[in-house]
> 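This is the structure I want to talk about, given as structure tokens.
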Amino acid sequence: TVSNNDISAGLKEAIIVGVRHAVDELGQENGFLDNPRVKIPLPDGRRKMESTLRFLGQGRRGDEFVESMNHAAETAVPVATDVFIDSIRQMTFNDARQILFSGQDDAATQFFRRTSEDRLRQEFRPIIEDFTEQVGVTQKYKQLIGRYGMFGRAFGQDASDIDGYVTQKALDGLFMLIADEERKIR
């Protein structure tokens, strides 16, 4: 006979293992960049410009920008472990039951998204902003757009908040890998 507390504790421990694995994978050097499923690309409106830059022999500029966005994301991810552990500590037996018996293979990930995403966004954003300032990613991006003047603007101005873009993509990638870990656990 297994008690409710044992069931809840077992679920929490399994979730912690999965979360730590996802955070470790993404929080290492090239954790985002080397994983095509979570690699952060240029914003949608800038992909046309990237192909034009490549045609003009300036593809390395686009590559450097993509690399710096992905490195910014990997610097932010390690703070997620503490946020998720706090969320797990607040998990009730009813939450655990819903996760176990929902029939969804990503129920714990959905729980984390509901309970942690806003806090993660608040913690990721300043880390990403600091990183982009240190490596000049924001300046590189603006130079990339500004250098081509009207030609660059023809491709759209959809991602002027590059730090917000990187923050959201980092969160999306993290939750994707947590869902993968959850499926392995189940």
> To the nearest 0.5 Å, what is the distance between CD on Glu64 and NE2 on His71?
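If I round to the nearest 0.5 Å, the distance is 10.5 Å.
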
> Suppose we screen for side-chain hydrogen bond (donor to acceptor under 3.5 Å, both in side chains). Which residues come up paired with Asp82, at least two apart in sequence or across chains?
none

> Is Leu171 reachable from Ile85 through a run of hydrophobic residues whose side-chain heavy atoms are each under 4.5 Å from the next?
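No, it is not one cluster - the side chains of Ile85 and Leu171 are not joined through contacts under 4.5 Å.
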
> Holding to side chain to side chain contact (heavy atoms under 4.5 Å, CB included), I want the full list of residues that pass it with Asp34, two or more places apart in sequence or in another chain.
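Asp34: side chain to side chain contact (heavy atoms under 4.5 Å, CB included) contacts with Asn30.
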
> In chain order, what residues pass the side chain to side chain contact (heavy atoms under 4.5 Å, CB included) check against Val83, with sequence neighbours excluded?
Ser116, Arg119, Leu120, Glu123

> Do you know which two heavy atoms are closest between Gly173 and Phe32, and how far apart they sit?
CA-CE2, 4.4 Å

> With a 4.5 Å cut-off on side-chain heavy atoms, are Gln168 and Glu117 touching?
yes

> Determine, stepwise, if the pair Leu177 / Arg37 fulfils side chain to side chain contact (heavy atoms under 4.5 Å, CB included).
CA-CA 9 Å; Leu177 286 194; Arg37 293 182 59 224; 4.2 Å; yes

> State the CD-CD1 distance between Gln122 and Ile127, to the nearest 0.5 angstrom.
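Gln122 CD to Ile127 CD1: 12.5 Å, rounded to 0.5 Å.
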
> Is the closest side-chain heavy-atom distance between Val38 and Met176 below 4.5 Å?
yes

> Under 4.5 Å between any side-chain heavy atoms of Val19 and Glu181, yes or no?
no

> Which heavy atom of Val166 sits nearest a heavy atom of Ala72, and at what distance?
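Where Val166 meets Ala72 most closely, the heavy atoms are CG1-CB, 4.3 Å.
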
> With clusters defined by side-chain heavy atoms of hydrophobic residues (ILVMFWY) lying less than 4.5 Å apart, directly or transitively, does Phe111 cluster with Ile7?
yes

> Only pairs at least two apart or in different chains count here, so list each salt bridge (Lys or Arg N to Asp or Glu O under 4.0 Å) that has a residue in residues 15-27.
none

> So, for Phe131 and Thr75, which heavy atoms are closest and what is the spacing to 0.1 Å?
CD1-CG2, 3.6 Å

> Applying salt bridge (Lys or Arg N to Asp or Glu O under 4.0 Å) as the test, list every pair that has at least one member in residues 67-77; sequence neighbours left out.
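Salt bridge (Lys or Arg N to Asp or Glu O under 4.0 Å) check on residues 67-77 returns Arg60-Glu67.
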
> Closest approach of Val135 and Ser68, non-hydrogen atoms and distance?
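Val135 and Ser68 have their closest heavy atoms at CG2-CB, 4.1 Å.
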
> With Thr115, which residues qualify under side-chain hydrogen bond (donor to acceptor under 3.5 Å, both in side chains), at least two apart?
Ser87

> What pairs with Thr109 under side-chain hydrogen bond (donor to acceptor under 3.5 Å, both in side chains), at least two apart in sequence or on another chain?
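Once residues adjacent in sequence are excluded, the partners of Thr109 under the side-chain hydrogen bond (donor to acceptor under 3.5 Å, both in side chains) criterion are Glu182.
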
> Check whether any side-chain N or O of Asn35 sits under 3.5 Å from a backbone N or O of Gly31 as a donor-acceptor pair, and report yes or no.
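No, the answer is negative, given that no donor and acceptor are paired below the 3.5 Å cut-off.
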
> Residues two or more places apart in sequence or in another chain: which of them pass side chain to side chain contact (heavy atoms under 4.5 Å, CB included) with Leu11?
Ile15, Met91, Ala96, Ile99, Leu100

> Could you see if Met69 belongs to whatever hydrophobic cluster contains Val79? Use Ile, Leu, Val, Met, Phe, Trp, Tyr and a side-chain cutoff under 4.5 Å.
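Shared cluster, yes.
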
> Check this for me: does any side-chain nitrogen of one of Asp172 and Arg113 sit under 4.0 Å from a carboxylate oxygen of the other?
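Arg113 and Asp172: salt-bridged.
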
> Can you tell me which residue pairs pass the side-chain hydrogen bond (donor to acceptor under 3.5 Å, both in side chains) test with a partner in residues 89-102, sequence neighbours excluded?
Asp86-Arg89, Thr92-Asp95

> Please round to the nearest 0.5 Å and tell me the distance separating atom CG of Asn5 and atom NZ of Lys12.
8.5 Å

> If you round to the nearest 0.5 Å, how far is CD1 of Ile128 from CZ of Arg121?
10.5 Å

> For a quick test of reading the model, state the closest non-hydrogen atom pair linking Leu42 to Phe65 and the distance between them.
CD2-CD2, 3.0 Å

> Could you walk me through whether Val66 and Ile40 satisfy the side chain to side chain contact (heavy atoms under 4.5 Å, CB included) test, starting with their C-alpha distance in whole Å, then the side-chain angles of each, then the deciding distance to 0.1 Å, before giving a yes or no?
CA-CA 7 Å; Val66 168; Ile40 301 171; over 6 Å; no

> Output all residues satisfying side chain to side chain contact (heavy atoms under 4.5 Å, CB included) with Arg183, sequence neighbours left out; order by chain, then residue number.
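Applying side chain to side chain contact (heavy atoms under 4.5 Å, CB included) to Arg183 gives Asp105, Asp106, Ala179, Asp180.
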
> Just jot down the salt bridge (charged side-chain N to carboxylate O under 4.0 Å, His left out) partners of Glu13, sequence neighbours excluded, or say none.
none

> Please identify each residue that fulfils ring-ring contact (aromatic ring centres under 6.0 Å, His included) with Phe112, with sequence neighbours left out.
Phe84

> State the CG-CG distance between Leu26 and Leu33, to the nearest 0.5 angstrom.
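Result: 12.0 Å between the selected atoms.
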
